[in-house]
2 protein chains.
Amino acid sequence: MLKMGKLTDYATVIMNFLAQNPGEVHAASELANVVGISAQTALKVLKTLSKAGLLQSQRGTKGGYQLTRPAQHISMADILQAMEGPIGLTECGSSPGACVRESQCSVKTNWQRISQAVHEALAKVSLADMAAPPSQPIYFVKSAPDLTHAAVSA
Amino acid sequence: MLKMGKLTDYATVIMNFLAQNPGEVHAASELANVVGISAQTALKVLKTLSKAGLLQSQRGTKGGYQLTRPAQHISMADILQAMEGPIGLTECGSSPGACVRESQCSVKTNWQRISQAVHEALAKVSLADMAAPPSQPIYFVKSAPDLTHAAVSA
DNA sequence: TATATAGTGGACTATTATAGTCCCATATAT
DNA sequence: ATATATGGGACTATAATAGTCCACTATATA
Ligand code: FES
Ligand code: FES
C-alpha cells in the first residue's frame, strides 16, 4: 500500500493544527486532544518533529510547541522525512550494500530516480497548502526538458 | 522511509528480467536464482503477480511464467499495486472510516491528492523504461493547467 | 498411462517493524 | 519551592511482513 506510519499521520494533523494557529504555543496534552491520541504518543511525535527542527519547544509551565518557520516554508517532504527518515522506496536506495547483486542491477538506478520524483512531489506541497482547501491539482510531466527550470523553481 | 516491501522489490527485479527475455517461459526456480531468493519465496511473488494479471503462467513440465503484455504497457504502478494493494500514503485514503474525525479533517483530502500524484508518477514509468538505462529525468510540475492533456496522455 | 515437473491455494510460523507506554532528568513560570 | 511541561531513552505490546510448508491440479513426455 506504500503507506506511511500512523505516527507520521498524527504528525501531519498536529502540524496542520499548529499552522492554523501561528504564533501560539500549544502543550502536548492539548495537541494530543486535537488528534485524539494519548499525551504520551503525541509527545513522542512532538519530540521527533522538534529534533528535526520543524518545531520549537518551550519547557515549564505555559510551555509547549510552535512552528519554527512559517507554514509556507515547511513541506510535506520535510515532515515525512522527519518522521520516517530519508525518502526511498527501495532498500537499495537509502542503504547501499543491502543488495548482493547491486553492481549488476539495472533496476536500482531507476528506482532511485522514481524515489527522487516522489520526493519532489512531496516537496512541492507546503503545510500552508495542506491547511488551505484543495484547489490546484498536482500535475505530472514526463520528459519535458524545456520546462525544467520552471518546474524546479515554480 | 516510505518504503515498499521486500517482496515488491523482488517483483520488480523478476519483472525486469522477464521484460528482457520476451516470449520466453521461465520457471520459478530459475527466476528465484536470478533474484537470489528461495524458490518458495519467488513462487509467492509470482503467484501474486499472476493473480493480478501481469504474468501468464504455464503448468507442468517446461512450464513457467511470462509477461501477459509487452513491457511498454506495464507500469511500475501496476507492479506496486499488484504487490501492495491500492496506493495510498494514509490510512484514511484507502479505507474510509478509519479515522474518527474524518468529516472535519482538512488534511485528508490533500493527502489523497498527494497519493494520486505519487500514483501518477509511478504510472508514467513503464517496465521497458526500467529495463533501459536511465536517460530522461522525471520532471514534476505544479499547477500547469495548459499542459494537462499532454501530461496525462504522454 | 505412469511419472516427473511445475504452478495453485491457502495456512502457518518466524521475524521484523511499528506503536504505544513508562521512567527519570531538565527546564521554567508562578 | 512547587507545579507544570518538555527531553531522552528504554521497554513492551502489537501488527505487518517475510518466509516456509503442505495438499492439490495441470501438463509434457517417456
Ligand atoms: S534490487 Fe537491490 S540493487 Fe537491485
Ligand atoms: S487523519 Fe484521518 S481523516 Fe484526517
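Note that this is a predicted model, so its numbers are computed, not measured.
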Residue-phosphate contact under 4.0 Å: B:Tyr10 side-chain N/O, D:dG19 OP1/OP2 | yes

Return no unless some side-chain N or O of B:Lys3 is found under 4.0 Å from OP1 or OP2 of C:dT18.
->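 Looking at the OP1 and OP2 atoms of C:dT18, one of them is under 4.0 Å from a side-chain N or O of B:Lys3.
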
Check ion pair B:Asp78-B:Arg69 (N to O, under 4.0 angstrom) = yes

Check the distance between [N]'s [atom2] and [X]'s [atom1] and give it to me in whole angstrom.
{"X": "B:Gln56", "N": "C:dT8", "atom1": "CD", "atom2": "C1'", "value": "16 Å"}
{"X": "B:Asn33", "N": "C:dA6", "atom1": "CG", "atom2": "C1'", "value": "16 Å"}
{"X": "A:Met4", "N": "D:dA15", "atom1": "CE", "atom2": "C1'", "value": "18 Å"}
{"X": "B:Lys6", "N": "C:dA14", "atom1": "NZ", "atom2": "P", "value": "17 Å"}
{"X": "B:Met83", "N": "D:dT17", "atom1": "CE", "atom2": "P", "value": "11 Å"}

Sugar-phosphate means primed atoms, P, OP1 and OP2; the rest is base. With that split, encode nucleotides 4-13 of chain D 5' to 3' as B, S or - using protein heavy atoms under 4.0 Å.
-> BBBSBB----

Would you mind reporting whether [Y] and [X] have side-chain heavy atoms less than 4.5 Å apart?
{"X": "B:Leu127", "Y": "B:His73", "value": "no"}
{"X": "B:Ile14", "Y": "B:Val45", "value": "yes"}
{"X": "A:Met76", "Y": "B:Trp111", "value": "yes"}
{"X": "A:Ile87", "Y": "A:Gln116", "value": "no"}

Check step by step if side-chain contact (heavy atoms from CB on, under 4.5 Å) holds for A:Met15 and A:Leu55.
-> CA-CA 9 Å; A:Met15 292 296 280; A:Leu55 290 182; 3.7 Å; yes

